[in-house]
Amino acid sequence: MQFSELCVALDALETNPSRIEKTKILSDVFRRVQGEEAGFTVYLLLGKLAPDYEGIEIGLGDKMIIKALSTASGATRDSVEKLYEKLGDLGLVAKTLLESKRGATLLDYVGGQRNPLNIQDLHAELLRIARTSGEGSQEEKIGLLTRLLSNSTPNEAKYIARMVSGDMRIGVAEPTIIDALASVYTQGDTSLIERAFNVSSDLGYVAKTLATGGVEGLRTIKVTPGRPLQPMLAERAASLEEIFERMGGRAALEYKYDGERMQAHYYDSQITLFSRRIENITHHYPDVASNLQEGINSKSYIVEGEIVAVDPETGEMLPFQELMHRRRKHGVKEAVKRYPARVVLFDVLYVDGVDYTSKPYLERRRKLEGIVKPSEFVVVSTATVADSVQRAQEFFDSAIDAGCEGIMAKTLDPSVGYQAGKRGYAWIKFKREYKSELTDTLDLVVVGGFYGKGRRAGKIGGYLMAAYNPSTDTYDTVCKVATGFSDQDLAEIPKLLEAYRIPQRHPQVNTKIEADIWYRPAVIFEIVGAELTVSPMHTAAYSKVREEKGLAVRFPRFTGNIRTDKSPTEATSVDELLEMYNSQLKRVEADGA
DNA sequence: TTTGCCTGCCC
DNA sequence: ATTCTGC
DNA sequence: GCAGAATGGGCAGGCAAA
C-alpha cells in the first residue's frame with residue numbers, strides 16, 4: 001500500500017472522533033495491506049517502529065524535528081518555533097511550511113517527480129534514521145528526515161513529522177487497532193486478538209501473523225517465558241471502604257512498594273527482566289537477575305515484582321529517586337554496590353510449562369510462595385487477607401511504617417485470573433496521598449506559563465509555580481503544574497492572569513527554568529502532590545537540604561482552587577516546605593508511635 | 001576536556 | 001505518574 | 001467506564017558546542 005493512500009485514512013481518522021468510525025476506517029486499511037505490511041502499518045499508526053522491548057529509538061525530538069523542518073522548508077529556526085508555539089503540533093507546522101513553500105519541492109510533487117513511498121519503504125527510512133548514531137549523527141538524522149520531508153506532499157509531511165515525534169494525534173491506540181483487526185479477521189470478536197497482544201506485547205507481530213496466517217496463526221501466541229506480557233494494572237480507590245464495597249467485603253491486601261515494576265522471564269538458564277513498559281532492563285539489574293536465579297527453584301518461570309533501592313547499611317527501603325541511579329548503561333558494577341536493590345515479588349504467571357494467568361489470586365500467591373526461597377535481596381510482598389476496614393487500616397498503617405506508598409487490594413474472586421493489559425477493579429491501589437486529610441496542600445504563586453500543545457494549542461498549557469522566601473523576598477520555584485485544569489479553567493485562567501503579564505521574568509522570581517511567558521507574582525493556585533523531592537531544577541529551599549539543590553513537588557496537580565483570599569507573600573513559604581520535607585522523612589517513626 | 005542541551009523512560 | 005473529556 | 005490526550009519530577013546517556 002502506498003503511503004499516500006494510508007494518509008487518506010489518517011486524515012479520516014483525525015477528523016472522525018467516533019471510535020466506531022475509526023474502527024471502520026482502520027478495518028478498510030487492514031483489508032488492503034498485505035502480509036508483513038500489516039505489521040509495519042500497525043507500528044506507524046502507533047507512532048513507533050517496533051515493539052518497545054526492541055529498544056529502537058528514533059532519537060529525534062521536538063527540537064531536532066524543528067531543525068529538519070527549517071532546513072526542508074527554508075524557513076528560519078525562529079519562525080518555525082513561533083509557528084510551533086501557535087499550532088502546538090509539529091505535523092501541522094510541517095504541513096503549513098511545505099504548503100507555503102514555493103519552488104522545487106512544490107513543483108516536484110505537482111509534476112510527479114518524487115519517488116512514491118509505500119508503507120514498507122517509509123518504515124525502512126524511519127528505521128534508518130533510528131539506527132544512525134555516533135559522531136555527526138544528529139546532522140545525518142536531520143538530513144535523512146529533511147530528504148524524506150522534501151519528497152512528500154505537505155499532508156504526508158504532516159504525518160511523517162508526527163511519526164518521528166511518536167505522537168500521531170489520530171485518536172488511535174492499541175485497543176482501537178485491536179477492534180479493527182477483529183472486525184476483519186474474527187467477525188468482531190476481540191478476545192482472541194486482545195489476548196494475543198496482551199501475552200506478546202507486540203501488536204505489529206499480531207497483525208502480521210493475522211495477515212499471513214489468519215486466525216489459526218494466533219494460536220501459536222501463548223504465555224511463554226521470553227515473551228513479555230502486558231502488565232495487569234490497578235484502578236484507584238478513594239477510601240478503604242470503597243475497596244471493600246467493590247470487592248464484596250473481603251480482599252487480599254499487599255504493601256505497595258515505591259520502586260520499578262519488573263517482569264522476570266527465565267528459561268534455558270537465561271533470565272530477562274522487563275520494565276512496566278516492556279523495555280528490556282536486564283542489564284540495569286544484574287544483581288536482581290542473579291539473585292532471582294538463586295532464589296527461585298524452577299526450570300522456567302515468569303514472575304512479577306517491584307525492584308526497590310535499599311540502604312546498603314541498614315537494608316531499609318529508600319525513595320524511588322535513589323533507585324533511578326540504577327537505570328544506567330555504564331558503571332553498573334559500581335552502582336550495584338552503591339545502590340543495592342531488592343526485588344519484592346508479588347505474582348507468578350508461568351512455571352514449568354504451566355500458564356498461571358488463568359488461575360485465581362490465591363492459587364498464584366501460593367505457587368509464588370512455593371517456588372521462592374526468600375533471602376535478603378529476594379522477598380515476597382507482605383500480604384494478608386482482610387474483611388474489615390479496621391483490619392485494612394492497620395495493614396495500611398504498617399505499610400506506611402515500612403516506607404511503602406500504600407497498599408494494593410486484590411480480588412479473591414476465584415473466577416478472576418491475571419488480567420494482562422487490563423486496568424480494572426480486580427486490583428485496586430490505595431495510596432497515602434489519596435487520603436486528603438494526610439496530604440498537605442500547597443498555596444503556590446504563578447510566576448510563568450508555557451504554551452500548550454495539541455488540544456491545548458494556542459492556550460497556556462501549564463504554569464510555573466513558586467513558594468515565597470521571606471528572607472530574600474523572592475519567589476523560588478517548586479514545580480510546574482499542568483493537570484487538574486478543566487477546559488473551562490484553561491479558558492478562564494489566562495484571562496485572569498492577563499493583568500499580571502509582564503514581558504520578562506519578574507526580578508523577585510528566582511528560577512532556573514525559562515518560561516514562555518512571565519507573570520508578576522500575584523495569583524495563588526492550590527496545589528497537591530504526593531511528596532517533596534530533592535530537585536536539581538527548582539530553587540525553593542535551595543541548598544537547605546542538599547548543596548545546590550532545591551525542593552520540588554512529586555506529581556503536582558491543581559485542585560481547582562484559586563486562592564483569591566491570599567496575597568503572594570502569604571503563599572506557602574520555603575520554611576514551610578522544609579518543615580514538610582522533614583516531617584515526611586520522620587513520618588515513618590511518627591506513624592509508628 | 002567540560003558543559004549543557006536534548007531525548008527517552010521510570011514513576 | 002494524575003487528571004479531564006468525548007463517546 | 002473506556003480510551004485517548006496532555007501534562008508533572010528527575011535520572012542517565014548521547015552528542016555537539018564551548
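The chains referred to below are lettered A, B, ... by the order of the sequence lines, with proteins before strands, and numbering in each begins at 1.
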Seminar exercise, completed: Side-chain contact check for Phe320(A): nearest option of dG8(D), dA1(C), dC10(B) is dC10(B)
Exercise. Taking only N and O in the side chain of Gln138(A), is any of them less than 4.0 Å away from OP1 or OP2 of dG14(D)?
Worked result: no
Problem set entry | Inter-nucleotide C1' distance (dG4(B), dT5(C)), Å rounded | 39 Å
Seminar exercise, completed: Closest of dC10(B), dA6(D), dA1(C) to the Arg276(A) side chain is dA1(C)
Exercise. Under 4.0 angstrom, heavy atoms only, what part of the nucleic acid is Arg546(A) near: base, sugar-phosphate, or nothing?
Worked result: nothing
Problem set entry | Proximity to the side chain of Glu57(A) - top-ranked nucleotide from dG10(D), dC2(D), dC9(B) | dC9(B)
Problem set entry | Short side-chain N/O contact to dT2(C) OP1/OP2 from Arg557(A), under 4.0 Å | no
Problem set entry | Which nucleotide in dA6(D), dG4(D), dT5(C) has an atom nearest any side-chain atom of Ser486(A) | dT5(C)
For this session: Examine dC10(B): is either OP1 or OP2 under 4.0 Å from a nitrogen or oxygen in the side chain of Arg554(A)? Give yes or no.
Result: no
For this session: Look at the side chain of Lys431(A) and decide which nucleotide, out of dG1(D), dT2(C), dG10(D), has an atom nearest to it.
Result: dT2(C)
Problem set entry | Aromatic plane relationship, Phe485(A) with Phe525(A) - under 30° parallel, 30 to 60° tilted, over 60° perpendicular | perpendicular
For this session: State, with a plain yes or no, whether a side-chain heavy atom of Tyr475(A) is found less than 4.5 Å away from one of Asn510(A).
Result: no
Exercise. Is the Tyr257(A) ring parallel, tilted or perpendicular to the Tyr255(A) ring (thresholds 30°, 60°)?
Worked result: tilted
For this session: Assess whether one donor atom and one acceptor atom, taken from the side chain of Thr483(A) and the base of dT2(C), lie less than 3.5 Å apart.
Result: yes
For this session: Please check the phosphate of dT2(C) (OP1 and OP2 only) for any side-chain N or O of Tyr434(A) closer than 4.0 Å.
Result: yes
Exercise. Any idea which of dG8(D), dC9(B), dC7(C) is nearest the Pro556(A) side chain?
Worked result: dG8(D)
For this session: Scan Arg326(A) against the nucleic acid and name what it touches under 4.0 Å (heavy atoms): base, sugar-phosphate only, or nothing.
Result: nothing
Seminar exercise, completed: Of the listed dT7(D), dG6(C), dA6(D), the closest approach to the Asp487(A) side chain comes from dG6(C)
For this session: Tell me whether the centres of the aromatic rings in Tyr463(A) and Phe450(A) are closer together than 6.0 Å.
Result: no
Exercise. How are the rings of Phe346(A) and Trp427(A) set to each other: parallel, tilted or perpendicular (split at 30° and 60°)?
Worked result: perpendicular
Seminar exercise, completed: Closest to the side chain of Glu279(A), out of dC10(B), dC6(B), dA6(D), is dC10(B)
Problem set entry | Among dG10(D), dC7(C), dT7(D), the one nearest Pro536(A) by side-chain distance | dG10(D)
